[in-house]
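Each remark here refers to the structure printed beneath this line.
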Amino acid sequence: MRVLVPGGAGFIGSHTCLALLEKGYEITVIDSYINSHKKSLQRVVDILKRNNKVQNIDIDIEIADIRDEMVLDKLFLRYKDLGKPIQAVIHFAGRKSVKESVLNPLLYWDVNVNGSINLLRVMDKYNCRTIVFSSSATIYAPTDGIPLKEDTLIKPISPYGRTKVAIEQILNDTYNIPLEKWKIANLRYFNPIGAHYSGMIGEAPIGIPSNIFPYITQVAAGLLDELTIFGKDWPTFDGTCIRDYIHVMDLAEGHIATLEYLNNFEEKIINLNLGTGLGTSVLELIDTFEQVNNIKISRNFSSRRIGDSCKVIADNYLALSCLNWSPKRDLKDMCLDGWKWQSLNLKGYE
Ligand code: UFG
């Protein structure tokens with residue numbers, strides 16, 4: 001089965017490409033490399049060659065933007081003509097910085113929403129009607145720590161979050177096109193961190209990281225002086241925010257389980273939370289990182305960051321019950337693997 005992976009060179013995308021190839025899928029990645037690195041997919045191939053587990057590594061890479069409908073059309077046509085049509089899409093392509101989306105909302109609506117519309121239009125034209133979409137837990141209204149279920153109120157506070165909601169709505173309308181049979185999954189990610197255990201692929205943010213985990217690894221590596229913790233007066237047991245961190249390989253494997261789940265149906269639409277269901281405070285994350293890696297992380301406290309929620313934890317019951325999947329790696333694995341990646345690749349893929 002050939003799967004198209006828009007945005008497959010990015011952090012979650014590259015780990016999912018690895019998991020797909022390990023499972024014998026044939027993949028075509030389309031990526032603009034605007035926020036990713038071409039070396040990531042070369043490393044994916046290197047890992048597979050080193051492990052010697054996959055007979056035929058079938059990965060095709062197209063450097064392009066999904067807003068370019070002509071490119072997408074040609075791609076689908078090429079595989080159709082080869083008699084091996086693209087049968088499913090795992091759609092990662094998009095901008096993902098909350099802060100940048102506030103400064104440049106039009107860019108976010110253009111890339112994320114227009115890009116997705118193009119993709120769906122071309123998929124429809126070529127009768128490819130299975131899609132797994134990268135959505136986000138950021139779309140939910142805060143619940144004061146009650147684990148978020150898929151039917152929790154949707155109320156994003158950033159343009160980034162609103163583009164995710166818009167795409168989910170477009171997918172919902174697409175599902176309802178009369179006489180067409182679509183299979184659609186919106187995967188709402190919690191906080192993916194860590195890296196593949198090989199340390200060969202991982203998160204490589206451009207510039208100073210805004211997420212906590214790459215910030216911690218860069219402090220550990222001596223690239224940044226100290227971590228600023230945003231707030232110590234949150235109503236939690238230690239005063240810092242709580243998040244549901246999930247190992248990026250567990251998240252990657254969740255995509256394949258979702259694809260396999262969708263294939264059991266003639267038509268289907270589902271929203272699924274992908275998280276561990278476990279909450280970890282900022283201080284607990286730092287402590288675990290320090291302990292397993294035996295490194296001190298210098299830190300200071302500042303006031304709360306605008307837009308942060310106190311506790312964001314998944315209710316992952318639906319994913320656990322529908323998919324042949326559960327997260328297998330714990331916080332220690334996330335901290336060990338994430339540090340291995342950073343320490344072996346001080347400047348990411350550069
Ligand atoms: N934090 C710090 N210092 C930092 C960075 C973060 O203390 O330098 C804290 C934040 O205040 C928060 C926690 O670490 O309490 C996690 O922050 P991140 O920025 O790593 O992650 P968020 O939970 O804010 O957001 C992430 C993704 C979003 C996604 C969301 C889903 O960045 O894209 O999870 O819940 F939408």
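We count ligands from 1, going down the list as the structure has it; atoms in each ligand are counted the same way. Atom set for the values below is all heavy atoms of this structure, side chains included, hydrogens, waters and symmetry mates excluded.
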So which protein heavy atom does atom 23 (O) of ligand 1 come closest to, and at what separation?
-> Arg243 NE, 2.6 Å
Look at atom 15 (O) of ligand 1 and say which protein heavy atom is nearest, naming residue and atom and giving the distance to 0.1 Å.
-> Cys241 CB, 2.9 Å
Quick one: do Arg243 and Asp308 make a salt bridge, cutoff under 4.0 Å?
-> yes
Backbone or side-chain N or O of Ile212 under 3.5 Å from ligand 1 N or O = yes
Basic-acidic side-chain contact under 4.0 Å: Asp333, Lys328 | no
Ser210 heavy atoms within 4.0 Å reach ligand 1 at atoms 5 (C), 19 (O)
What about the rings of Tyr197 and His247, do their centers lie closer together than 6.0 Å?
-> no
Ignoring hydrogens, tell whether any protein atom lies closer than 4.0 Å to atom 5 (C) of ligand 1; use the non-hydrogen atoms only.
-> yes
Residues Arg188, Glu150: salt bridge by 4.0 Å N-O rule | no
Polar proximity ligand 1 side, Phe230 side, N/O cut 3.5 Å exclusive = yes
For Ala137, counting its heavy atoms only, list the atoms of ligand 1 lying under 4.0 Å from any of them.
-> 31 (C), 35 (O)
So is Ser136 polar-close to ligand 1, meaning N/O to N/O under 3.5 Å?
-> no
A student comparing Asp244, Ile229, Thr228 should find that the heavy atom closest to atom 3 (N) of ligand 1 comes from Thr228
Give the intermediate values and the outcome of side chain to side chain contact (heavy atoms under 4.5 Å, CB included) for residues Thr163 and Arg95.
-> CA-CA 10 Å; Thr163 66; Arg95 297 259 173 178; over 6 Å; no
Ion pair Asp65/Arg67, N-O distance below 4.0 Å | yes
Close N or O approach (Asp308, ligand 1; < 3.5 Å) = yes
Of the backbone atoms (N, CA, C, O) and the side-chain heavy atoms from C-beta on, which set of Thr138 has a member under 4.0 Å from an atom of ligand 1: side chain, backbone, both, or neither?
-> both
Residue selection (non-hydrogen contact nearest atom 13 (C) of ligand 1) among Phe190, Tyr245, Tyr160, Phe213 = Tyr245
Among all protein heavy atoms, pick the one closest to atom 24 (O) of ligand 1 and tell me residue, atom and distance.
-> Arg305 NH2, 3.0 Å
Residues passing the salt bridge (charged side-chain N to carboxylate O under 4.0 Å, His left out) test with Lys38, sequence neighbours excluded, are none
Considering heavy atoms of the protein only, find what lies nearest to atom 26 (C) of ligand 1 and give residue, atom and distance to 0.1 Å.
-> Asn191 ND2, 3.6 Å
Hey, would you say the His37 and Tyr33 ring centroids sit under 6.0 Å apart?
-> no
Residues in side chain to side chain contact (heavy atoms under 4.5 Å, CB included) with Leu153, at least two apart?
-> Ala141, Lys155
Distance under 6.0 Å and angle within 45° of ring axis: Lys39 vs Tyr349 | no
Look at atom 18 (P) of ligand 1 and say which protein heavy atom is nearest, naming residue and atom and giving the distance to 0.1 Å.
-> Asn211 ND2, 3.4 Å
